[in-house]
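Shown next, in structure tokens, is the structure this report addresses.
Note on naming: letters A, B, ... go to the chains in the order of the sequence lines (proteins, then strands), and numbering restarts at 1 for each one.
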2 protein chains.
Amino acid sequence: MATTLTQIKKDFVEGLSQISRFWGFPKGMGAIFAVLYLSPTALSLDEIVERTGLTKGAVSTEVRTLARMGLVHRSTKLGDRKDYYTAETDFYAAVRSILQERQNSEFDRAVRSVKETLTRLEENWVENDEWNFVYERVKALQEFFDAIDSLAKAVIRLESLGLSNVTKILSVLK
Amino acid sequence: MATTLTQIKKDFVEGLSQISRFWGFPKGMGAIFAVLYLSPTALSLDEIVERTGLTKGAVSTEVRTLARMGLVHRSTKLGDRKDYYTAETDFYAAVRSILQERQNSEFDRAVRSVKETLTRLEENWVENDEWNFVYERVKALQEFFDAIDSLAKAVIRLESLGLSNVTKILSVLK
DNA sequence: TTGTATGTTTAGTAATTACTAAACGCAGTA
DNA sequence: TACTGCGTTTAGTAATTACTAAACATACAA
């Protein structure tokens, strides 16, 4: 049996679902993105429902978080009450957008908690080996997070994290 | 009530548990790493059990995956049948190690699936707009993954992804 | 106003994942 | 040989997360 384009597309959607899960996102999200990514036209919520097999509720919420991450875009057509969605095709832009998203919310909060440990340590200073040890370790971790943070911020600032920039990085790392 | 060092340490463990979850790892893993990270001496499995409140089984398996990731190291003392664990303190080394870990297993498999879609498309070539469209899109995604892949590989190759390298990257991105 | 086409929220279920408790295996010791 | 001290595995449970089905809200149309 010849492999049809429809079949190939279905497998691709399946593949992206896996990748999605790997990055810690629900697999439905990957499926939604894949369906949009392979569609030459913008799709309505119900069309996404139809093509993914998910329910309207699920698609509604997940497409929203995809939009927040900058991986899909919502648009409307005049004289049509439906919302339409398209996939972002500039992945470098998407990466920046995701980093930005993470920058706020959870990640920052977590990183701040380390920084806070550090200041609490300073406020409760005692002259003994254990204190010194703990302090040095926490400080080292905090500095590491700071480095990550600067990197992320630098990437976010780039107008275009294109292939050229990636090659630049690669050459520097040689 | 004065904040005791013990309390601060406890909160730190809590914080790393959160961070662990954020990166998609079980929170117990973060706790185990944190406990080891704050200990000046290597800890036995039972000591970890005691300090994290997890059970032996959980610690046994999670400490193993931590070791596979290069975030902790297992050692033994002569004339002592226990295993002892210490935290890796060179986080850049740990990043490399984690990347390497991911390189194999899941991630690579997922990325390969995109590449496979591409070759299947080529094998089932048809001259029409839909085919062309799908092909271009899949190809673009595959190229993006390749870029990520080269980056990861470059990082892995570095003998030391120290602060100096991070600053180098930052300067290039300016 | 009521009806219809849309997206959202909610309450509950299914599936997955993290963890526990306890059995097990194995190496060394008596 | 049996016993002890350790790590591992396993079978089951708790907690979390992804998802469904259906009620709901809103805007527009008749």
Practice prompt. Answer yes or no on whether A/Lys115 is positioned over the face of A/Phe145, meaning its NZ or CZ is under 6.0 Å from the six-membered ring centre and within 45° of the axis.
Written response: no

Worksheet item: Would you find a donor on one side and an acceptor on the other, under 3.5 Å apart, between the side chain of A/Thr52 and the backbone of A/Ile48?
Response: yes

Discussion item. Could you check whether any side-chain N or O of A/Glu47 sits under 3.5 Å from a backbone N or O of A/Ser44, counting only pairs where one atom can act as donor and the other as acceptor?
Written reply: yes

Discussion item. Check this for me, if you would: do B/Lys82 and B/Asp46 make a salt bridge, where the nitrogen-to-carboxylate-oxygen distance has to be below 4.0 angstrom?
Written reply: no

Response to the item:
Separation of D/dG5 atom P from B/Lys82 atom NZ, nearest Å, is 10 Å

Discussion item. A/Tyr37: which residues meet the side-chain hydrogen bond (donor to acceptor under 3.5 Å, both in side chains) condition with it, sequence neighbours left out?
Written reply: none

Item to complete: In whole angstrom, give the distance that lies between atom CZ of B/Arg68 and atom P of D/dT8.
Response: 13 Å

Interface polar pairs with nucleotides 16-26 of chain C, N/O, under 3.5 angstrom:
residue	atom	partner	partner atom	Å
C/dT17	OP1	A/Arg21	NH2	3.4
C/dC19	OP1	B/Gly28	N	3.3
C/dC19	OP2	B/Glu62	OE2	2.7
C/dT20	OP2	B/Thr55	N	3.0
C/dT20	OP2	B/Thr55	OG1	3.1

Item to complete: Tell me, please, which residues at least two apart from B/Ser97 pass side chain to side chain contact (heavy atoms under 4.5 Å, CB included).
Response: none

Side chains of residues 21-32 of chain A: which donor-acceptor partners sit under 3.5 Å, not counting sequence neighbours?
none

Worksheet item: Which ones in residues 35-49 of chain B lie close to DNA chain D, meaning a heavy atom under 4.0 Å from one of its atoms?
Response: B/Leu45

Fill in: Nucleotide D/dT8, atom C1' - distance to CZ of B/Arg74 in whole Å
10 Å

Fill in: Nearest-angstrom distance from the residue atom CG of A/Asp80 to P of D/dA27
17 Å

Worksheet item: According to the side chain to side chain donor-acceptor pair (under 3.5 Å) rule, which pairs have a member within residues 133-148 of chain B, sequence neighbours left out?
Response: B/Glu122-B/Tyr135, B/Gln142-B/Asp146

Practice prompt. Looking only at side-chain atoms of A/Thr61, point me to the closest of C/dG7, C/dT9, D/dT8.
Written response: C/dT9

Worksheet item: Does B/Ser60 place a side-chain N or O at less than 4.0 Å from the phosphate oxygens OP1/OP2 of D/dT8?
Response: yes

